[in-house]
Every structure is written in C-alpha cells, then in structure tokens.
Trainee: 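Questions regarding the structure given below will be posed in turn.
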Amino acid sequence: MEYLEFEKPIQALQEEFNKACKIGTDNDVDVSETCQQIEKKLKEKKKEIYKNLTAWQRVQLSRHPNRPYTLDYIQALCGDTFLELHGDRTVADDKAMVGGLGKIGEQSFMVIGQQKGTNTKTRQYRNFGMANPEGYRKALRLMKSAEKFNLPVVTFIDTPGAYPGLEAEERGQGEAIARNILEMTRLQVPVIVVVIGEGASGGALGIGVGDKVMMLENSWYSVISPENCSSILWRSWDHKEQAAEALKLTAKDAKRLKVIDSIIKEPLGGAHADRVEMVKTLKKIILESYAELKELSPKDLVKSRMDKYLAMGTYKD
Amino acid sequence: MAWFKRTKKGIQTATEDKKDVPKGLWYKSPTGKIVDAEELARNFYVSPEDGYHVRIGSKEYFEILFDDNKFKELDANLTSKDPLKFEDKKKYPDRIQEAQKKTGLKDAIRVGVGKSKGKDLVVACMDFSFVGGSMGSVVGEKIARAAKYSLDNRIPLMIISKSGGARMQEAVLSLMQLAKTSVMIAQLAEEKIPYISLCTDPTTGGTTASYAMLGDINISEPGALIGFAGPRVVKDTTGKDLPDDFQTAEFLKEHGFLDFITHRRDLKDKVNLYLDLIQNHQVRA
C-alpha cells in the first residue's frame, strides 16, 4: 500500500496497529485492547482526513498508484464473459483505449474506457492512458456496433488527456474526438458514463457524452489538468494546487454545475482501499441506471440526452 | 589416403526409389517439429510443440465448429462454367476437372448449416486446395446463398476465408463477386444478423477486399497471412524491405483490422461467446 503525503498520519497509525498486533502474536500477550484503541483512532483519523479533502488532494487520489483502472473494473464486473475487441479498422489498435463486450448481471454491454498501466513498462504500452485518434475511432466503431445490435454502452473515463503528438495531429485527433462527441449525442442506445479517475478535457469527453454521466467521489473532470492550467495562467507548474481549487474540478463541483448527473460514493480512503466494495457499488448503479434508461424509446432517449446538453452553460441574456 | 573410395560420384538413387515414410503419417511444421498425424488432428490441427496452425479445409473446420460434426450442406452441387473459354497452360474446364478429381470437392467453398454449442450457425468455408481457394462465380453464388439462408432463417453467418484471391480464369466476372457478396453482407447488416469473418492462412486479394474484412468482427488464427497485394508484389513495386511480420494476423491486429486472434482450440467457444453477447443471449457454458 502506498500512502500520499496527506495520508501520512494514517500510515503512522496503521504501522502502530500492525506492530501492536505482531507483538501480541509473537509474545502471547493480550494486546486486544490496545489494538482496538488504535483501530478506533485509525478509523477516526481516516474519517477526519478523507472528509475534508482539498481539490488537489482529490486529484492526487484520482491518480493514486493503487487505484483500480478500467480493465480492473471490467474484469470485476464481467468476469469470464468479457470479450475484448480490437482495432479501429483504419490505422491501429490503440492500447490506451480498450473496449469489448461483456455481461453485467444478465445484460450484455459494450464497455469502453481509457486504460493506464501499472508499472513503467505497461504505462508506456498504454501511453499513460492518452489515446490517439485510433483510440477514439475504435471507441466509436464499438459504440456503432452496440447501436446496431441494440446493446447499451458503458464508458469509463480515466485520462490525463488525448495524446498531444505529431502523428496524432496528422491523423486528426481533433476530428476523431469531434466525430465521437457528435455521434454520441445521437446514439440510439443508452450510454452510461463513469469518470473513474482523471477526466481531462476533450480526451475525456470523446467517450463522455451520455444519458447518465457519473463521477466517482475522488475523480476529477475539467477542461484541463491543474498542472497545465497552472503553467498557462501562472507560467509555472507551482500553482497547481491553486489551479485545482480555481478550476472547480471535483465531483461535487461538477454536480453543482450540472455537468454530471450524480456522484458515486467511494469506500473510505478511496476506490483502492476496498475494491470489492467499489465494484459492488458500481455494478448496482450501472444496472439501476440501465433499468431506468431502457424504458425510454430511442427517440425519447436521444431527445432527453440532447436537451440535457443544450441546457449546459450560464450566461446573461 | 582414404579408407574407402567412392567409385561413382553423387547420389545415384532415383527419386521414386528413395525410401520414404508414406504420406499422411507424420506432419512436419515449418520450424521443423515432427508431429504424428493423429495427434495433430486431436490437437485441432495445431502443432503441439510450436503452436503452428496447419492449413486445413472445410471438412476440418466443420468438424471443429459443428456439434458432433453434424451439419446439412447447402448447394453442394454448384459447379463452374467456362464463360470466357479461358485457356492458359490448361483449358479452364480441364483445370476444374483436375482439381475436382484431386480434392473430391466441387469448388473452392462449402456451406454447412448445423448446431454449434446447441445453436444454429451457417458456416461458409473456403478450401485452399481447390485452385488456391480462388473466388469465381461459384464461390460468389454460394456465399450469396449462404447469406440468404442466414437472412431467411435469422441465423448468424460465419465465413471462413482461405483464398489467393479472385479466380483469373473467370476474369471480370470473378471481380464482380466482390460486389455480389458485399450486397448480401449489406443486407445482413440491415437486418442486424451477426456476421463473423474468420481470416485464415492465407486470406489475400479480392477476398480481403470484400467479405473477409466486413465482419461485425474480423478474427484470425496465429500467424495467418492476410493482405491485399502479395508481399512479393509490394516489395517489387516499392523497392522497400518489408517488416518480418508483414501481413501476419498479428500485424493486421496491430494495425486495427482484427478484433482478436484465437488459437483454433478456442475458436468454437469464442465465436459462440461473441454471438451470445452481441445478441444479448445468456452465455452458454
């Protein structure tokens, strides 16, 4: 388990707790009372820390090295029924964008999402979760296939942004994302979107237009990452914490700004603290959302989706 | 000074007099592994040691895909005409007759309908042994009829491609089979009947430029050659060295044209898993 800077008090208590328990088992001394006391303290400390997280701390949690990624969720949700499908039928198979068919409960879903790696090698292989145009085109191909066979779509957003590369521009990164956004507004099947980690800009929205858009409690969603915002507006990366606050990028903010429909609660300490619990919650919410959406005719579904996006933004008339 | 002296130079035994293992008992894979033919069949015609997927035909694929190898063959008696009175080294009708005699097949494709894991499936499978799996009017018509059967009975279609491309002896009529088969694939798509394209070694030329690349999913087997222009043509035209894995299934997947590559052992399971998922049926065990 890795601890972030602001989690250090928890780490200290956890270590104390482990030590006490070890003394108990090694020396045959009754330490249950001490252990209980420390455990209680630990719980309180966790509550105290995680209840009052700053925007920047949430950004850090959203990038926690132990945090579950798209394929972790897919495998936990679909098990053996997941069949990964590859390729955009044009240029490449983008490893930063994964997708395929799987059962959640009794229902087939087309599940799509950005994928990050877990060590240096796989991070490079997955291009740090930054998709190229091929990734967005693969995602669209899969969504179109789902539409053809009347299957609902679930997308998981977890990206620091679409890949800013030379070849990506040559092959039309902007066009690919634009096409996806347009097609997703009028897809004839339910689309459920969950921001599970980082939701940066067009790279996120390229698979993010949906009937139910939700964010995990410790994810973030904005037009730019706090670091890049800081470097543009303050001309240095040092103001990232300030930028994180200013951008209003937390789930709560997004809900208040009505750009998402709901917030999904994470286990205490974040999604990685209790993966089983997190998956259970997610499964329940996806199935509930689908049960609600499948009642709508394709026409009504698309109309209410379009209306939702038409209402976004604030202005004086 | 040698102890023995060879009086006659070179190898003198005539080829036909050489002692040889009878054909069909052993199989030697390209990496040099020797496999017993029966063991090979038990292992889905995949060399157990190096995973080499041996080229097989419709008979073997039907055996792999259909439950208890039970199926009904459609349009088994369709055969070629000779519309252009084509003649190269041989007359076209002679070439066809010879191929029929050699292979026991009527043309380069067979269509079977049967149960796969308990559910109906139409499988159109090409045979490379028949004039290089070339696609002429018969192949086109049989694919069109297979698709029609799928449409009328609402049964998923699987086409197993294994072809050198269009059949030159039927010239432009062969070319038009690309359009003819595509018409039927489009109709299947309209009716939302799943179509799976399995590209096997080799899938080239006109086949790739039509039904082989048009599946709801395109899948393949490890190491299969898939491409439009042959590697020699590409090399001669461009004058460039080609990558080692050029036009392999793995290359195609990396470039976005295949949904997945499957070992032949898992073929039946994976095809049926896809069909259950895409049709929102319960996944069969």
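What you see below is based on every heavy atom in this structure, not just the backbone, and it leaves out hydrogens, waters and symmetry mates. Throughout, a chain's letter reflects where its sequence line sits, starting with A, and its residues are numbered from 1.
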Trainee: Below 4.5 Å from any heavy atom of chain A, which atoms of B/L252 appear? Answer side chain, backbone, both or neither.
Mentor: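 No part of B/L252 comes within 4.5 Å of chain A.
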Trainee: Might you confirm whether atom NZ of B/K148 has over 12 heavy atoms from other residues, nucleotides or ligands at distances under 6.0 Å?
Mentor: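 Atom NZ in B/K148 is not packed in, count stays at 12 or less.
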Trainee: Heavy-atom distance under 4.5 Å to chain B: side chain of A/L101, backbone, both or neither?
Mentor: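 Its backbone and side chain both get close to chain B.
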Trainee: Go through B/V283, B/I278, B/L273, B/L258 and name the one with the most non-hydrogen pairs under 4.5 angstrom from chain A.
Mentor: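 The option with the most such pairs is B/I278.
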Trainee: Return the option, out of A/D88, A/D94, A/L85, A/N150, with the maximum number of heavy-atom pairs under 4.5 Å with chain B.
Mentor: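 Most heavy-atom pairs within the cutoff with chain B belong to A/L85.
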Trainee: Got more than 12 heavy atoms from elsewhere within 6.0 Å of CZ, B/F128?
Mentor: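 Result for CZ/B/F128: enclosed.
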Trainee: For B/K192, is the NZ atom crowded, meaning more than 12 foreign heavy atoms sit under 6.0 Å from it?
Mentor: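 Count over threshold, so yes.
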Trainee: So which heavy atom on B/G215 is nearest to which on A/R89, and how close?
Mentor: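 Closest approach of B/G215 to A/R89, heavy atoms only: O-NH2, 4.3 Å.
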Trainee: Assess whether atom CD of B/E190 is packed by more than 12 heavy atoms of other residues, nucleotides or ligands within 6.0 Å.
Mentor: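 Open.
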Trainee: Could you tell me which portion of A/Q107 (side chain, backbone, both or neither) has an atom closer than 4.5 angstrom to a non-hydrogen atom of chain B?
Mentor: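 For A/Q107, backbone and side chain are both near chain B.
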Trainee: Are B/D216 and A/R141 within salt-bridge range, i.e. N to O under 4.0 Å?
Mentor: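 So B/D216 does not pair with A/R141 through a salt bridge.
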Trainee: Ignoring hydrogens, what is the shortest heavy-atom contact between A/E84 and B/F260? Give both atom names and the distance.
Mentor: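 Minimum heavy-atom separation between A/E84 and B/F260: O-CD2, 3.9 Å.
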Trainee: Roughly how far apart are A/D93 CG and B/H255 NE2, rounded to 0.5 Å?
Mentor: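 The CG atom of A/D93 sits 11.0 Å away from the NE2 atom of B/H255.
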Trainee: Which is it for B/K270 and A/L83 under the side chain to side chain contact (heavy atoms under 4.5 Å, CB included) test, yes or no, and what are the steps along the way?
Mentor: CA-CA 8 Å; B/K270 285 223 171 164; A/L83 183 65; 4.2 Å; yes
Trainee: Please check if the number of heavy atoms outside B/D152 that lie under 6.0 Å from its CG is greater than 12.
Mentor: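 Counting neighbours around CG of B/D152, more than 12 heavy atoms of other residues, nucleotides or ligands fall under 6.0 Å, so yes.
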Trainee: Looking at A/F128, I want to see if its CZ is surrounded by more than 12 non-hydrogen atoms of other residues, nucleotides or ligands under 6.0 Å.
Mentor: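 Yes, the 6.0 Å shell around CZ holds more than 12 heavy atoms from other groups.
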Trainee: Taking side chain as everything from C-beta outward and backbone as N, CA, C, O, which of these in B/N218 sits under 4.5 Å from a heavy atom of chain A? Side chain, backbone, both or neither.
Mentor: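 For B/N218, heavy atoms of backbone and side chain both lie under 4.5 Å from chain A.
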Trainee: Under a 4.5 Å heavy-atom cut-off, does chain B meet the side chain of A/T90, its backbone, both or neither?
Mentor: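 Contact with chain B involves the backbone of A/T90 alone.
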Trainee: Using a cut-off of 6.0 Å, state whether more than 12 heavy atoms not belonging to A/R171 lie near its atom CZ.
Mentor: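 Yes, CZ of A/R171 has more than 12 neighbouring heavy atoms, counting only those of other groups under 6.0 Å.
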Trainee: Start with the C-alpha distance between A/K103 and B/L277, add both sets of side-chain angles, then the distance that settles side chain to side chain contact (heavy atoms under 4.5 Å, CB included), and finish with yes or no.
Mentor: CA-CA 7 Å; A/K103 291 271 180 199; B/L277 288 168; 3.7 Å; yes
Trainee: In terms of heavy-atom proximity below 4.5 Å to chain B, should A/K95 be classed as side chain, backbone, both, or neither?
Mentor: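 Side chain only.
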Trainee: Heavy-atom distance under 4.5 Å to chain B: side chain of A/D80, backbone, both or neither?
Mentor: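 For A/D80, backbone heavy atoms alone lie under 4.5 Å from chain B.
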Trainee: Assess whether atom NZ of A/K303 is packed by more than 12 heavy atoms of other residues, nucleotides or ligands within 6.0 Å.
Mentor: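 Open.
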